[in-house]
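Beneath this line is the structure, given in structure tokens, with notes to follow.
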Amino acid sequence: MKKLDPHTVIGLREWIALPDLGVVGLRAKVDTGASTSALHATDISEFERDGQRWVRFTAHLGTLVQRRHRCEAPLVTRKLIKSSNGQVQTRYVVRTLLALGSHVWPVEFTLTCRKTMRYRLLLGSKALVDGQWLIDPSRTYIQDKPQILTSSGAQ
């Protein structure tokens, strides 16, 4: 039997950072049943920068203590998503770097309202495959919190 590298195993919940958006210390729920990752966002608006489509949005980062962070990212596309409750909606899709443990890789996120959900970020199966992670569903917070400097220099 091949021995697993502990640096490739995550639990059902992990601490992540989105360094390009200036977001650190965000709890994520791993959801292998969702193909796309989702980020809780409101006040979403499209705009143009240097001939490309971008979106500006407010990311909501806390559950008990509400933290809001204004973000901008290039728009990848708009996508029809069927949520777990069967509702179909059009969502904006952005691609940004995600840091989990010592790994950093690009991940696509749909922007949606998750205010009724416990976790503000859902990590879907496409991101898990791209990051080459294995999931141990019996554990949580296996990886250390990512230590990423944001563009403002804060950690």
Side-chain angles (χ1 to χ4, degrees), residues 8-47 49 52-148 150-151:
T8 63
V9 178
I10 58 174
L12 281 182
R13 292 167 201 85
E14 292 289 345
W15 289 102
I16 63 99
L18 303 172
D20 287 350
L21 300 179
V23 173
V24 294
L26 182 58
R27 292 185 312 152
K29 181 172 187 225
V30 173
D31 185 352
T32 59
S35 64
T36 309
S37 299
L39 176 63
H40 180 35
T42 59
D43 306 319
I44 304 167
S45 61
E46 255 187 85
F47 67 99
R49 177 179 287 160
Q52 292 193 298
R53 302 303 306 160
W54 282 61
V55 286
R56 184 176 290 124
F57 57 95
T58 301
H60 297 261
L61 310 175
T63 48
L64 298 175
V65 176
Q66 289 292 315
R67 293 184 299 141
R68 296 176 184 181
H69 185 72
R70 200 69 179 144
C71 302
E72 293 181 352
L75 176 63
V76 173
T77 191
R78 281 187 225 99
K79 183 186 275 192
L80 278 178
I81 300 287
K82 187 175 186 177
S83 67
S84 58
N85 65 10
Q87 279 189 314
V88 176
Q89 62 180 196
T90 302
R91 296 183 188 172
Y92 290 99
V93 179
V94 298
R95 181 181 296 118
T96 191
L97 290 178
L98 180 133
L100 196 166
S102 61
H103 298 269
V104 179
W105 75 103
V107 173
E108 287 189 358
F109 290 94
T110 64
L111 303 178
T112 186
C113 179
R114 294 183 53 81
K115 69 180 176 185
T116 61
M117 308 295 181
R118 175 177 279 172
Y119 295 92
R120 301 306 188 210
L121 187 137
L122 194 70
L123 201 53
S125 61
K126 286 181 184 174
L128 299 168
V129 168
D130 291 346
Q132 300 181 4
W133 292 105
L134 300 173
I135 300 103
D136 181 344
S138 69
R139 299 177 63 195
T140 58
Y141 306 109
I142 296 171
Q143 298 294 319
D144 292 332
K145 280 186 181 182
Q147 300 298 311
I148 300 292
T150 65
S151 57

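Closest of all the heavy-atom pairs between Ala41 and Leu111 is CB-CB, 4.0 Å. Contact between Met117 and Arg120 at its shortest, heavy atoms only, is O-NH1, 2.9 Å. Nearest approach of Val9 to Ile142, heavy atoms of both residues: O-CG2, 3.7 Å. Nearest heavy atoms, Cys71 versus Ala59: SG-CB, 4.0 Å. Taking both residues in full, the closest heavy atoms of Thr42 and His60 are given as OG1-NE2, 2.6 Å, listed atom of the first, atom of the second, then distance. What you find for Ser125 and Thr32 is that their closest heavy atoms are CB-O, 3.8 Å.
Between Val23 and Leu121, the closest side-chain pair of non-hydrogen atoms is not below 4.5 Å. The shortest side-chain heavy-atom distance between Arg70 and Asp43 falls under the 4.5 Å cut-off. The shortest distance between side-chain heavy atoms of Glu46 and Arg53 falls below 4.5 Å. Considering only heavy atoms from C-beta on, Leu122 stays 4.5 Å or farther from Ser37 through its side chain. Considering only heavy atoms from C-beta on, Gln143 stays 4.5 Å or farther from Trp15 through its side chain. Taking the side chain as every heavy atom from C-beta outward, Arg56 and Trp54 never approach each other to under 4.5 Å.
In Asp136, the CG atom is crowded: over 12 heavy atoms of neighbouring residues, nucleotides or ligands sit closer than 6.0 Å. For Arg13, the CZ atom sits in a packed shell: over 12 heavy atoms of surrounding residues, nucleotides or ligands are nearer than 6.0 Å.
His103 places no side-chain N or O within donor-acceptor distance of the main-chain N or O of Gln132, the cut-off being under 3.5 Å. For Arg114 (side chain) and Tyr119 (main-chain N/O), a donor-acceptor pair under 3.5 Å exists by modelled atom type. Using modelled atom types, no side-chain atom of Ser35 and backbone atom of Lys126 make a donor-acceptor pair closer than 3.5 Å.
The OG1 atom of Thr36 sits 11.0 Å away from atom CZ of Phe109, with the distance rounded to the nearest 0.5 Å. Here the straight-line distance linking atom OG1 of Thr140 with atom CG of Leu12 works out to 8.0 Å at 0.5 Å rounding. Taking CD of Glu108 as the reference point, atom OG1 of Thr96 lies at 11.0 Å (rounded to 0.5 Å). The CZ atom of Arg78 sits 8.5 Å away from atom OG1 of Thr90, with the distance rounded to the nearest 0.5 Å. Here Lys145 contributes atom NZ and Leu100 contributes atom CG; the two are 13.0 Å apart, rounded to the nearest 0.5 Å. Ile81 CD1 to Gln89 CD: the interatomic distance, rounded to the nearest 0.5 Å, is 8.0 Å.
Trp133 and Trp105 have tilted rings, their planes meeting at an angle from 30° to 60° on a 0 to 90° scale.
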After noting the C-alpha distance and the side-chain angles of Arg49 and Glu72, does the key distance pass the side chain to side chain contact (heavy atoms under 4.5 Å, CB included) rule?
CA-CA 11 Å; Arg49 177 179 287 160; Glu72 293 181 352; 2.5 Å; yes
Apply side chain to side chain contact (heavy atoms under 4.5 Å, CB included) to His40 and Cys113, showing your working.
CA-CA 5 Å; His40 180 35; Cys113 179; 3.9 Å; yes
Begin from the C-alpha positions of Val107 and Leu18 and carry the test side chain to side chain contact (heavy atoms under 4.5 Å, CB included) through to its verdict.
CA-CA 10 Å; Val107 173; Leu18 303 172; over 6 Å; no
In sequence, state the C-alpha distance, the side-chain angles, and the governing distance for Leu39 and Val94, and then conclude on side chain to side chain contact (heavy atoms under 4.5 Å, CB included).
CA-CA 10 Å; Leu39 176 63; Val94 298; 5.9 Å; no
